[in-house]
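Per chain, numbering begins at 1; letters A, B, ... match sequence-line order.
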There are 2 protein chains.
Amino acid sequence: MAMTDVPEVVIRRLPLYVRHLEHLIEQGERVISSAGMGRLIGVTPAQIRKDLSYFGEFGRQGLGYDLVYLRSQLLHILQADKQWHLALIGAGALGHALVHYREFREHLYHIVAAFDVDSAKVGSQIGDLTIQGMDDLADTVADLGVEIGILAVPSDAAQQAADDLVASGIKAILNYAPIGLSVPDGVRVAHIDPLASLQTLSYHL
Amino acid sequence: MAMTDVPEVVIRRLPLYVRHLEHLIEQGERVISSAGMGRLIGVTPAQIRKDLSYFGEFGRQGLGYDLVYLRSQLLHILQADKQWHLALIGAGALGHALVHYREFREHLYHIVAAFDVDSAKVGSQIGDLTIQGMDDLADTVADLGVEIGILAVPSDAAQQAADDLVASGIKAILNYAPIGLSVPDGVRVAHIDPLASLQTLSYHL
DNA sequence: GCGTGTGAAACAATTCACAGCG
DNA sequence: CGCTGTGAATTGTTTCACACGC
């Protein structure tokens, strides 16, 4: 019931719950029990109830959870119910894919500016954004209210770019570069590392 | 010392260790202590020693760990020291980025075939691969010895494509589709979900 | 002395089991 | 009765602290 001291692992599960709630809503369902949802996702019903209980009481005794209501509550907890402005650093093949990734736009995470360290790319288009030089980063972040940076540069440019993002005032970075970033306290990094994912897969084969 | 019953969370840290070992090797270092490595990565020295102890004894008392030796041992544990053959399903912008992603090739994970459900794309090139139709999947997987599938299709096509991969005999899937896949026991799925990562970031902001 | 490897202790997460409510 | 919400019990993970070897 209290929202203090929520384990990080619980927060990482909330987006998963949202995904499955949306799927059920699309199928025209209205209500689900923790048992039903657990079967669907592959976790225990107790875990779902416990996870939700960190944030409040969202279910109805004897009935289950209202899908639309629970989804809206979870999105609110994640602050995913308001619009976010993202800056993309790195206009390579990956940057291209990210700019065109529909999931982001459809879920209120909007890439509003693109940058590249390579001055040859500056001025050309990526999606409907004009690629800017890193010199413009701080001004653009301030002007457009950018809250989150996406790093999609080669690993040898990543730390410098991260430093630039931090200097511009950004407090959250989604890092696609295959390297651990060092950032000051108060800045949060989420790391996506496909090679690491493949290596954990091949371990089990 | 025994290799039985290794917690999954330990396995997910091994690629991280490998990354930092490689970084140190590039810088010309030869040896590091668990304390030095812990400072670098941001974990406790005890955790590193405990993690490694699940697999054997790799350090030297009073000295630390030989970087090249430890890296080779970790790569061997992860089975990342031999070549793997991957099949890409989905030749959109993301598939494009994945085919050109150097990390994979440089680390022995080779995309050797590409497929798409859209017959209009079949026959055209992606990188230096010719896009094939899903009908060819089983034969190509068998012919080329594909062990891992990469799913980079829209969510409404993902479960069907996953079923096709499973039917072709594949036992590991790297899933970029924003949806939970249901697969039989014995098939392992690693899920990369950038939106979920953004949502955990915005939670903390 | 320095730093590993490892049981034991401390801490964290998950699951159990049941009171309580609609 | 069905199903939530939650303390208590269990299980899993991390950290401690020290014996041992270089």
message: Run the side chain to side chain contact (heavy atoms under 4.5 Å, CB included) test on A:L137 and A:V146 for me, step by step, so that the C-alpha distance in whole Å, both residues' side-chain angles and the decisive distance to 0.1 Å come before the verdict.
response: CA-CA 10 Å; A:L137 183 63; A:V146 172; over 6 Å; no
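Under the 3.5 Å distance criterion, with hydrogens and angles disregarded, a donor-acceptor pair is assigned to the side chains of A:H204 and B:E8. Side-chain atoms of B:S34 and B:R49 form a donor-acceptor pair, as typed in the model, at a separation below 3.5 Å.
A:E103 pairs by the side-chain hydrogen bond (donor to acceptor under 3.5 Å, both in side chains) definition with A:R19, not counting sequence neighbours. Residues passing the side-chain hydrogen bond (donor to acceptor under 3.5 Å, both in side chains) test with A:D51, sequence neighbours excluded: A:R13, A:Y17.
OP1 or OP2 of C:dG5 has at least one side-chain nitrogen or oxygen of B:Y65 nearer than 4.0 Å. Dashed line: the shortest gap from a side-chain N or O of B:R12 to OP1 or OP2 of D:dT13 is not under 4.0 Å.
A:I179 and A:S155 get closest at one heavy-atom pair: CD1-O, 4.1 Å.
In this structure, A:F55 atom CZ and D:dT4 atom P are separated by 18 Å, rounded to whole Å. Atom pair B:F58:CZ and C:dG3:C1' shows a separation of 17 Å (rounding to whole Å applied). One interatomic measurement links the two molecules: CD of B:E8 to P of D:dT14, which rounds to 12 Å at whole-angstrom precision. Between the OH atom of B:Y69 and the C1' atom of C:dT4 there is a distance of 14 Å, given to the nearest Å. Remark: P of C:dT6 and NZ of B:K50 are 8 Å apart, rounded to the nearest angstrom. Rounded to whole Å, the distance from CG on B:D66 to C1' on C:dG3 is 15 Å. Rounded to an integer number of Å, the gap from CG of B:D51 to P of D:dT15 is 10 Å.
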Distances under 3.5 Å between nitrogen or oxygen atoms of protein and nucleotides 19-22 of chain C:
| unit_1 | atom_1 | unit_2 | atom_2 | d |
| --- | --- | --- | --- | --- |
| C:dG20 | N2 | A:Q61 | OE1 | 2.5 |

Name every donor-acceptor pair, under 3.5 Å, that has one atom in a side chain of residues 81-95 of chain B and the other anywhere in the protein, sequence neighbours excluded.
| unit_1 | atom_1 | unit_2 | atom_2 | d |
| --- | --- | --- | --- | --- |
| B:D81 | OD2 | B:H76 | ND1 | 2.7 |
| B:W84 | NE1 | B:Q79 | O | 2.7 |
| B:H85 | ND1 | B:G145 | O | 3.4 |

Acceptor/donor pairs from residues 164-172 of chain B side chains to any protein atom, 3.5 angstrom cut, sequence neighbours excluded:
| unit_1 | atom_1 | unit_2 | atom_2 | d |
| --- | --- | --- | --- | --- |
| B:D164 | OD1 | B:Q160 | NE2 | 3.0 |
| B:S168 | OG | B:L165 | O | 2.7 |

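Judged purely by atom type and a 3.5 angstrom limit, A:Q159 uses its side chain to pair as donor or acceptor with the backbone of A:S182.
If you check D:dT14, C:dA13, D:dT6 against the side chain of A:P7, the one that comes closest is C:dA13.
Residues of residues 32-49 of chain A that place a heavy atom closer than 4.0 Å to DNA chain C, in numerical order, are A:T44, A:A46, A:Q47, A:R49.
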